[in-house]
Chemist: 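Take a look at the following structure, please.
Fair warning: this is a prediction, and the values are worked out from it, not measured in the lab. In what follows, chains are A, B, ... by sequence order, proteins preceding strands, each numbered from 1. Computation of the quantities below employed the complete heavy-atom set of this structure, encompassing side-chain atoms and omitting hydrogens, waters and symmetry-equivalent molecules.
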Amino acid sequence: MVKVLLFGRLADLAGWRERDFGPGPPSLSALRSLVAAGNQELAGALAGPGVQVAVDLDLVRGEAILGAGAEVAFLPPMSGG
Amino acid sequence: MVKVLLFGRLADLAGWRERDFGPGPPSLSALRSLVAAGNQELAGALAGPGVQVAVDLDLVRGEAILGAGAEVAFLPPMSGG
Amino acid sequence: MIRLTEQPFDPGAELNGFCRDRLGVGAVASFLGIARGEPGQASALELEAYPLFTQNEIAKIVASAVDRFGLHDVAVIHRIGAIPPGEAIVLVITASAHRREAFEACDFLMDYLKSRAPFWKREFGPAGPRWVEPTAGDLADIARWDRDAPRGGKTAGAAATNE
Amino acid sequence: MIRLTEQPFDPGAELNGFCRDRLGVGAVASFLGIARGEPGQASALELEAYPLFTQNEIAKIVASAVDRFGLHDVAVIHRIGAIPPGEAIVLVITASAHRREAFEACDFLMDYLKSRAPFWKREFGPAGPRWVEPTAGDLADIARWDRDAPRGGKTAGAAATNE
């Protein structure tokens, strides 16, 4: 089981902010396909520039192998302050 | 009568901060000599770099003719904040 | 100190609390961001965070600022959730011995928060809600610091007993 | 608002008062200078002003900063007289639509106060009292602004509803 979190406009496009995927997608790319399944707009946004991914609170670049119980967050371009 | 104000280390060197000079020195250079009379150290300091003069709350450069009742302030290098 | 809060905070009280008993600190710079908007508007903007991650990432940048600018201390207070017009969004306070470092660190931290800190901001303007992304100006602002060599401690000394 | 005061002032209360009801202002920068010194020391420094002249001269510079940086408002509160360690000496607050202008104006005003505003400052250090004059660093700091072209309004725009 992997917990997925979406933020900002990604959550708007998906219609959810947090969802569990199981029994356990082995890789980030596989997970990304599952998250965007049937939602072309979300698929495009997830692959878009400036979207970062954090696995268990650490930013990762490129591919990653996901452990059981991993928390994966998709982070669109950030702006605070 | 002209009112003279000294600030910072100029007041320390003179031993006073405010004094009236009369009946009325006509020019700034004449007044400067009166102010420093008998005090070499003060004379040097008044002529030193960075000492500015305000007449009636306006900075003046070089010579100035003083009206009756003028307020003349000698201002050593400034530092606030 | 780094704090994310869904409740309004009191900038003046935070500033005073930060400054209490700082006999060795001469210089305190601060920046306060306020939600702009129309009177009567329920909320000017809404800020989302990924709380633990956001806190961690800000902590890393604060640590780098302390090191780079030789700071005595830093406070970052950032509001999340819906923010009505006129209320404080963010307060950054930096303390150092001399003013140049306090100013630069505060400026740097705000540039970071604007374009690289994990927040997602939705504004409620006349044209409806929109997600805000860093502007070209924001990106240029933060890029200044990537380019520059560290500056902390490099400026000429100020007077001994106060900043 | 420009105020010279022989009494201690409350920086947090000043900041909050300054920010009240500013729906159009997104950015508030501030600088607070605190008297450094040893605990128990009666006074860290003593500041003398030529009150009316000092007030006038600061007002001129504040007006030029408002113009140059496009500020909404400015507050300068400057303590005079004897100042114990840990108490506030100076507070400068600048308000503008965007952060860059608020920061730069605050920085500029502090550089001015340090080296060109009509104050005379005596420090009470371990070696006895001494009159402080602007340091080489202070003079270099203020010279930056003589060199630079006006910058107000020249930076890239920030988001619409907050700074």
Side-chain angles (χ1 to χ4, degrees), chain A residues 1-21 28 31-32 34-36 39-81, chain C residues 2 4-5 31-36 45-61 76-81 83 88-92 106-123 128-139 141-142:
Chain A
M1 193 87 99
V2 169
K3 186 204 277 186
V4 171
L5 304 175
L6 301 180
F7 291 88
R9 60 183 171 78
L10 299 179
D12 283 0
L13 290 173
W16 51 269
R17 314 191 81 71
E18 176 172 342
R19 185 171 283 185
D20 289 334
F21 288 81
L28 195 52
L31 180 65
R32 195 183 274 110
L34 280 174
V35 167
N39 187 333
Q40 281 301 329
E41 217 179 345
L42 179 59
L46 282 173
V51 173
Q52 298 181 82
V53 180
V55 176
D56 293 330
L57 303 177
D58 278 321
L59 287 174
V60 299
R61 289 183 181 279
E63 186 54 293
I65 302 301
L66 305 173
E71 179 173 292
V72 179
F74 292 93
L75 313 169
M78 300 159 173
S79 181
Chain C
I2 299 161
L4 306 181
T5 171
F31 181 86
L32 176 65
I34 301 175
R36 289 194 273 170
L45 73 163
E46 210 172 73
L47 269 151
E48 192 183 358
Y50 179 11
L52 208 50
F53 179 74
T54 303
Q55 185 100 17
N56 285 354
E57 293 296 307
I58 296 176
K60 287 181 201 168
I61 288 291
V76 174
I77 301 165
H78 207 299
R79 185 87 176 269
I80 53 180
I83 308 178
I89 303 169
V90 60
L91 176 64
V92 172
C106 195
D107 193 9
F108 165 72
L109 288 169
M110 278 308 305
D111 285 348
Y112 165 78
L113 290 170
K114 276 284 171 184
S115 57
R116 293 192 189 162
F119 293 101
W120 298 275
K121 182 164 57 184
R122 186 153 42 176
E123 293 181 347
R130 70 174 189 95
W131 290 102
V132 179
E133 297 193 358
T135 63
D138 290 330
L139 296 176
D141 282 343
I142 187 68

Chemist: Considering only heavy atoms, give the residues of residues 3-13 of chain A separated from chain C by less than 4.5 Å, sorted numerically, with 'none' for an empty result.
Modeler: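 The list, in residue order, reads A:Leu5, A:Leu6, A:Phe7, A:Gly8, A:Arg9, A:Asp12.
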
Chemist: Sequence neighbours left out, what passes side chain to side chain contact (heavy atoms under 4.5 Å, CB included) with C:Ile77? Give chain and number order.
Modeler: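 C:Ile77 satisfies side chain to side chain contact (heavy atoms under 4.5 Å, CB included) with C:Met1, C:Arg3, C:Thr5, C:Phe9, C:Glu14, C:Leu91 once adjacent residues are dropped.
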
Chemist: For C:Phe53 versus A:Leu57, what's the shortest heavy-atom pair and its separation?
Modeler: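 The answer is CD1-O, 3.3 Å.
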
Chemist: Quick one: list whatever passes side-chain hydrogen bond (donor to acceptor under 3.5 Å, both in side chains) with C:Glu48, sequence neighbours left out.
Modeler: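 Checked C:Glu48 against side-chain hydrogen bond (donor to acceptor under 3.5 Å, both in side chains); matches are A:Arg17.
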
Chemist: For chain A, which of C:Pro118, C:Ala49, C:Ser115 has the most heavy-atom pairs under 4.5 Å?
Modeler: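 That would be C:Pro118.
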
Chemist: Kindly check if the number of other-residue, nucleotide or ligand heavy atoms within 6.0 Å of CD (A:Glu63) is above 12?
Modeler: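 More than 12 within 6.0 Å, yes.
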
Chemist: Where on C:Arg116 is there a heavy atom nearer than 4.5 Å to chain A: the side chain, the backbone, both, or neither?
Modeler: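 Contact with chain A: backbone only.
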
Chemist: Give a yes or no answer on whether the side chain of C:His78 reaches the backbone of A:Gly81 with a donor-acceptor pair at less than 3.5 Å.
Modeler: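 It does hold such a pair.
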
Chemist: Where along residues 67-79 of chain A does a heavy atom come under 4.5 Å of chain C, listed by residue number?
Modeler: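 A:Glu71, A:Ala73, A:Leu75, A:Pro76, A:Pro77, A:Met78, A:Ser79, listed by number.
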
